[in-house]
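What follows is a single structure, written as structure tokens, with notes after it.
Protein chains get the first letters and strands the later ones, always in sequence-line order, with residue 1 at the start of each.
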Amino acid sequence: MAQDIITIFHGPQHPGITGNMSVELDLLGETIKRAETHVGYLHRGFEKMIERRTVLQAFTIVCRICVPEPDPNEENFARGVEELMGLEVPEKAKWLRTMVLEMARLQAQMLWFAGQGGSLGHYISPQWAVADRDLILDLFEELTGGRVYHMYITPGGVRRDLPEGFLGRLGHFLDYLESRLPEYDNMLLRNPVFLERARGVGIIDPATAREYGVVGPNLRACGFMNDIRKDEPYEMYGEVDFIVPTETSGDVYGRAMVRRAEIEQSISILRQIIRRMPAEKEIMAVLPKNHRKWEVPKGDTLVKTESARGEYSYYMVGDGTDKLRRVQVKGPSAVHAITLLEEMLVDSQLSDVAMIMNSLGTNPPEIER
Amino acid sequence: MTETIDNLLERIGRNFQITGQEVKKAGLAALHCSQEQLHGVLIYLKEVEKFDTLTMIGCADWIEDDYFELSYMAYSFTTFFTVMVKIRVSRDGSSVPTVEGIWRQARTFEREIHEMFGVDFPGNTRLKEFFLENWQGMPPMKRDFDTVQFVKDHYKLREEGREGACNVSVERKKRIDAKKLELKKEGE
Amino acid sequence: MDNLNKKDKAQLKELKSPMAVVDWAVNWFRKQSIFMLAYGTGCGAIEIPPTVTARYDAERFGVRGAATPRQADVIVLSGYLAVKTLKRVIRTYEQMQEPKYVIALGSCPINGGMYWDSYNTIKQLDRYLPVDVTVAGCMPRPEAVLEGFMALKDKIQRGEAEGARDYRDNIEKYKNNQKEIFGDKMLPGYTCDWYFSDGGSF
Amino acid sequence: MVSALAVFFLGTHKIIRELLSIVSLALLTGLLLMRIVSPVSDDFTWQYMPGFFTLSFSLSSFGLLFALIAAISGLLKSFASWGINSKGYHALFHLMMGGLMILLSAGDYISFFLGWEIMTWSSFMLFNNFSSADDPIEKSQDTGFLFITLSLISALLMLGVLFFLYNRTGSMNIADGVAWLHGVKGLPSWIPGLLLMSAFFLKSGLLPFHVWVPGTYREAPHTFTAFLSAALSKVGIYAFILFFLPFSLNEGSGQISYLIAWIGAITATVATFKAIEQNDMKGLLAYSSIGQMAYVFTAMAVGSSLAMGGALFQMVNHSLIKLLLFFIVAGIIERTGKTRFDQLGGLIYKMPFSFIGVLVGIIALAGMPPLSGFYGKWMIYTSLIEKGWLLVLTGIVLPSTAAFIYCYKLIYGIFLGHPTEVNPEEAKEISPRYRVPSGLLMASIVLLGLFPGLILKPVNVLLSDLGMETLALTSQGSLNAASGSVSGFMVMNVFGGVFAVILILLSLFGKKAPTRNLHRLDIAYAGELPTEQTPLHYGRGLGHEVKRVAIAGAIVKRSLTEKYMKIGNQLGGILEHVRGFYPGNGQVSLIMTMVGAAAVALLIGLKG
Amino acid sequence: MLFTIFNSLLAVLLTYSMGMLYYGFYRIGNARIHRRVGPPLWQNVIDNIKLFAKREAPGHGIMFHLGPVIMTAGTITSMLFVPFLKDSAWLQGFSSYGNLILLIYLMVVGPLGNALAVGVSGVPFGVMGVTRGLTRLIGLEVPFFLSVALLMSGSGTISISEIMMAQDSFSNWNMMAHPAAFIVSLFSFVGMMGASPFDVVGAPVEVYSGPQAEFGGKYLGFLAAQRVMFSMVKLILWVDLFLGGATNVFILMAKSFALFFFYFIVGAAFPRFKTEQAVDFMLKLPLIIGIGAVLVRFWSL
């Protein structure tokens, strides 16, 4: 029959896709008439494997759920187990956890900056941002032994104490990064072409933002001051003071500004942590005597933590054996990449798809695990 | 804060038959109700109590007592409370009417539970295959699905590497001795 | 040619026939310029950006990104492969042009790795695709990935990076293995019909 | 003159069989060609009504050029429309040819107007009633109404102005009228000139009056559309030259010619962006015809001999291209039964001849160097630069660059991309009835590309008739102007030679790296699998994004046709009230307008 | 005739090697801006030869095979109609037979020939790339034609070599004589060379690398070689028109590298426009400068 639309896949093998997912687009010319997200390319069946593993074995898998930012998963899992088993984590471990979370958040924002520039064809910003992100990965490697998958936050505390001189190097890196930020602004965020491309594109209207379950920077770009670290403080976020930046425009530019302000906030939080890091040595909770068989009591809980792209929530059910009955993970992209993205792309242009997906921070492994 | 969550639970208890309720921790409460009550409670939470969003739909498989426990977790941005509305459905062929009308993102959560546990959600606008392509077997997240057996049937693990698995430290020692030997020979 | 290192000069000396020199030269050019397909299949894809950007800079060795399979030489399978991804990877591999190579990162393509008991990931990649270079590491570091490229370059120089010819010669074996996984939903035949001597499709 | 009369009688006799029509047209072209050889310019006065006025016919040199174009396109058309066996069609066609011949050889107002009316009416009857049986295009009542009302108004305007001229000069023949028109100075006395000009603009479809063109072209029988665009739209130009050319040379009328140049440029821009928007083949070609005619008017407005030569070259070239394209489009519609781009696609390997035909057509239409289209454009641009009208030049460059998009859309929509409703397996090549004329036309376009001099020599003869200095033509293959020259012969040879060398070089790699022909669906599709049902043909969406460009969006949104229809309806409404006085049906509104306009014409005539 | 053939062969070799050299600098310069080492200088040549060394090539029939051939033929033909040097018999190609308007139209013949092959390959991304290229061409061609028309009407001739001859001393280089025309032409120069704000045609992120999506092996080799030569043709054209042409090859290389450096800097600094934004930008600022220049010229006369 007469074909006025064409169907293309902004598919798995595409330079403009964030991760291994695909968006099926019906196009008239380059205007999108219908969009449908296809996922499942990265499905490993995490929750099934965690059911077969004890708590300590499951801990190594959990951080592999989300690639750009593994630490919120580890912290979520650890806090869930601690709540179920009632372990009391020493304060030093909480400071270390907050520090690792903020460092992971910083490198995830740098990765977003690289992706945002790349999706606009601005090849300098990915180079600079990823190179600077690498310096954080060096710090991680020094602290935890792994560049991206750290496996540092174990249920009950933290695996290793700080190597000596680490905080000094961290402070030095923060000064270096802060000196680089104005250069980043001039290069991309205040670039006239970026302003013309980003303004008024991919708008989330505040009325339905909450109803769609939008979380994280995308929600804050619509004017809502909601951040799990502020609303339900966990670890040491209660003691650290920081502001939650918001914008009102709700478009790609607004989200970029929110994330840019959050980079500064993360730097100030890390500086406070460096100042207030307690000196004592004790970093692990008192663990059950028989460390082979941890008894996780029957009961369930919901634990939430704030990652760079939004709110991670873990629903964990213990059933009295040494294995968890059920761990269900909901990442921010499960909400952003499917219902929200599909409705936002209708009547927008093919050249904006990559930019919108990057600004929403869609990341497939969170959706299908 | 806890007393307001108790007031909340008590208010809900007045309007609906709640079989059981408990406060898990500050800001998280759970209540059990029947499947018919589910929609009423959720709409009540959203409209009256201003629970803006549905964080997730949890599903745990209690194979011993032969039921799935679905828990709808509504979250309010004003009071920062999360309420888990729990219902019990049978493990095979159960169907729960969709809550997509109340919160749009429920469509994705229900679609995942449908694929992983086999619970049907009539009214959901997109219940087609989500993660698994051309999946013929039973829903994989049910406890009676044995994943190791599935792996043995469908995939072949590499055999030749297994029997040659050697002890790393022994190998290392052998290598070092050979090196010393060689150095000594060159020395003469 | 400043980048003609010692190994190349050594090989060049002991070449006898002129045809060998021509082959050597052709392999040299194939080695010096490798176009990597922009396809992040697994969790290792997070280490590809650092490899190609400022700090580790794969472009020094002539490794450049390519957008479509038609322009690419090497496909880097970074980590485990879900069944759905394997089908796309095989189609992309068959769309690439003849001297094409496969680099598999991490232990998952070797023997299932950490996800050995997962119902949705394949356990041995080289049952379905000819793998030229495997890089160890549960997500190898950028240096390891560069080392993988160096190994691939040496293999190309020696003329042994003939995974594509191996795929073409025993296509039946590969297709049977793929049939095990995909059952009746096999890939359409037109991407590899001409591999079969009798032109039959699968 | 004998040829004009012969055709006139032949036409009126309603010859039935097509064979006779082709013979008569062949005879006509033969006579005309013979006419060029023996340049006897006798005018023939034929006393119709004794004492009142005399009809004088004389075929001037550029009238001959137009007659030749019309005759050749008529001959090819009748060859192509062999299939239509309704006798009325051929009779009406000859009647129109006769009217055209009278018009071209008219010496005085009455015969000029007579020829004009016969031609308009017969073409109206032709396109409104006749169409082949399985023609997918349905006839809409509006286009017929629009065409006839507009041409009626223009005819009456012309009648009024001619009476006015007769009143002024006291004699019927055109020459004195033209002399008077140019003698007068000052704007107020320019009104008759402008009115006359608007009548001619309407015939060629310039901006304010172009609304009838797309509908008419789309609904006329396919081969007749070819004739319409190739010959009939040139009549407006002939009349413009006949009446207005001498004045554009002298300086006195600077502002008017500058105004006409801008009208041409704006029409071309509007027509081009509308053409990109079209989704069916004939609509696209209709708008492109308007655009190309606009170039000719702009060139004539410049007035230098190079511009005049460029205009005539462009006009001849445009007739050949449009004949070729419309014949092939007619063949495709007849063969596949489809007319729109989102119904066709992927026919390249099943209809190679028509692909090459359309390819040659669009290269010439877009004005790309190896073929003849470029030299018309080159002369127009050079004359504009020499005249110094750089802003008009920019106004012309914009549409001629945008023309590449609709040229590519034409060839992509039909031949490239993926098949949609037409299964390529059963698609056969277009019938020989269309292939022979297209082959001839292609050969002529390529020949013109090689030797532009072929046309320029007769154009030189014509220019000297009009009293302008001729173009310097060093050799058959090259054109020269004051500021530079271009050699078509050399361009074609260089491109051909380089093409051959590279083709050999590329096939050298054939042995070592053989090309593997792939299946239709084996395309780089971001890793996914397109199926047979996946819509992949970009025909409909090709020009869709151009609307987002500010200037194109503004043009495409506004449509003059609705405005005209609104005016028409309002007019009809008013007359409905008036109709209260008279019995009778809707035709009254038509008669009322005629009477009203005639009254106006008489008034002007008497006033003068 | 033999001399002109040898002359044109020389021109082809010169542009190929010059192009590869410049694009070698381009990649190293880009890398240095990205704070990394960058490939060796001759990496483009190696890439090109590797593409020709591929053992198979995808094909979609005869028209697909002819696409790159037409593209390369269009490039070399337009190269032969540009006089490289000012007053020496060498490297004149066939420029005596052609002129500037012919060259502007010749530069479009190649891409449209290639567009046929992209269409026949059936890749929707390819056709989108071609349409974007043609739409962008509207924006680039209009200001460029205006600035060149200013030049031509100023020097009263349309043949490139005469324009080049007219610029004998530095003061009456067209860059100095017609500054407005030079500025306007720089805008479209950046666009025609495909620098960053205007590189909408083959955007890998948006249109899956546009027209080259389906070309592989030897076809991609020809397209890559042609692209480099095409940039050199434009560079030399700009040097002839605005920078006073060159008496010998070294001055030609110096001047064209200066222009190339300008293109490289602009290209590295900007993200990418959408197609309609690029055309709107070109029809706003540069066109207004051009019209201003025309008004000044004709009203002051």
Side-chain angles (χ1 to χ4, degrees), chain A residues 9 11-22 38-46 48-49 51-53 57 60-61 63-70 107-108 111 114-115 118 123-135 137-138 141 146-149 151 363-365 368-369, chain C residues 36-57 59 65-69 71-72 75 77-89 91-93 95-96 106 108 112-122 137-144:
Chain A
F9 272 83
Q13 194 270 309
H14 196 287
I17 198 84
T18 57
N20 192 350
M21 63 192 275
S22 76
H38 292 279
V39 267
Y41 300 97
L42 291 165
H43 179 63
R44 296 153 279 195
F46 259 103
K48 191 70 185 176
M49 287 193 282
E51 278 168 18
R52 294 189 59 258
R53 282 165 167 73
Q57 285 171 334
T60 54
I61 277 193
C63 66
R64 281 164 168 75
I65 281 184
C66 163
V67 173
E69 203 186 357
Q107 62 97 7
L111 199 63
Y123 295 113
I124 299 179
S125 36
Q127 303 281 350
W128 287 5
V130 171
D132 291 343
R133 170 178 171 270
D134 244 50
L135 303 179
L137 299 190
D138 292 350
E141 193 175 0
R147 274 168 59 87
V148 180
Y149 291 141
M151 288 174 276
N363 184 358
E368 70 245 21
R369 298 168 299 283
Chain C
M36 178 176 68
L37 184 64
Y39 192 7
T41 51
C43 54
I46 196 70
E47 286 293 31
I48 300 297
T51 320
V52 296
T53 51
R55 188 144 181 228
Y56 298 95
D57 190 13
E59 202 179 359
T68 62
Q71 305 157 355
I75 180 167
L77 300 176
S78 49
Y80 68 94
L81 282 160
V83 171
K84 198 173 179 178
T85 311
L86 178 68
K87 182 177 271 193
R88 273 65 179 177
V89 161
R91 179 179 171 83
T92 315
Y93 181 75
Q95 281 185 338
M96 287 159 72
C108 297
M114 170 177 279
Y115 312 118
W116 64 276
D117 60 349
S118 155
Y119 49 86
N120 196 26
T121 60
I122 58 159
C138 186
M139 220 191 11
R141 310 168 45 84
E143 291 94 336

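- Residues passing the side-chain hydrogen bond (donor to acceptor under 3.5 Å, both in side chains) test with Tyr41(A) are Ser22(A), Glu528(D), sequence neighbours excluded.
- The aromatic rings of Phe46(A) and Tyr115(C) sit perpendicular, their planes meeting at an angle over 60°, well past the 30° parallel limit.
- Contacts with chain C (heavy atom to heavy atom, under 4.5 Å) involve these residues of residues 14-21 of chain A, listed by number: His14(A), Pro15(A), Asn20(A).
- A side-chain donor-acceptor contact under 3.5 Å links Lys84(C) to the backbone of Val39(A).
- In this structure, the portion of Tyr80(C) lying under 4.5 Å from any heavy atom of chain A is its side chain and not its backbone.
- Looking at Ala67(C), the atoms closer than 4.5 Å to chain A (heavy atoms on both sides) sit in the backbone and in the side chain alike.
- For Glu69(A), the salt bridge (charged side-chain N to carboxylate O under 4.0 Å, His left out) partners two or more places apart in sequence, or in a different chain, are Arg309(A).
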**OP:** Show the numbers, then the answer: is there a side chain to side chain contact (heavy atoms under 4.5 Å, CB included) between Arg91(C) and Gln13(A)?
**Re:** CA-CA 11 Å; Arg91(C) 179 179 171 83; Gln13(A) 194 270 309; over 6 Å; no
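- Contacts between residues 125-132 of chain A and chain C, counted as heavy-atom pairs separated by less than 4.5 Å, involve Pro126(A), Gln127(A), Val130(A), Ala131(A).
- Going from atom CG of Leu42(A) over to atom CG of Leu81(C) covers 9.5 Å, rounded to the nearest 0.5 Å.
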**OP:** Start with the C-alpha distance between Asn120(C) and Glu368(A), add both sets of side-chain angles, then the distance that settles side chain to side chain contact (heavy atoms under 4.5 Å, CB included), and finish with yes or no.
**Re:** CA-CA 12 Å; Asn120(C) 196 26; Glu368(A) 70 245 21; over 6 Å; no
**OP:** Start with the C-alpha gap between Ile46(C) and Leu111(A), add the side-chain angles, then the distance that decides, and say whether side chain to side chain contact (heavy atoms under 4.5 Å, CB included) holds.
**Re:** CA-CA 10 Å; Ile46(C) 196 70; Leu111(A) 199 63; 3.5 Å; yes
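- Of the two parts of Tyr123(A), neither the backbone nor the side chain holds a non-hydrogen atom closer than 4.5 Å to a non-hydrogen atom of chain C.
- A distance-only check finds a donor-acceptor pair linking the side chain of Ser118(C) to the backbone of Arg44(A) [under 3.5 Å].
- Only the side chain of Arg147(A) comes within contact range of chain C, with at least one heavy atom under 4.5 Å from a heavy atom of that chain.
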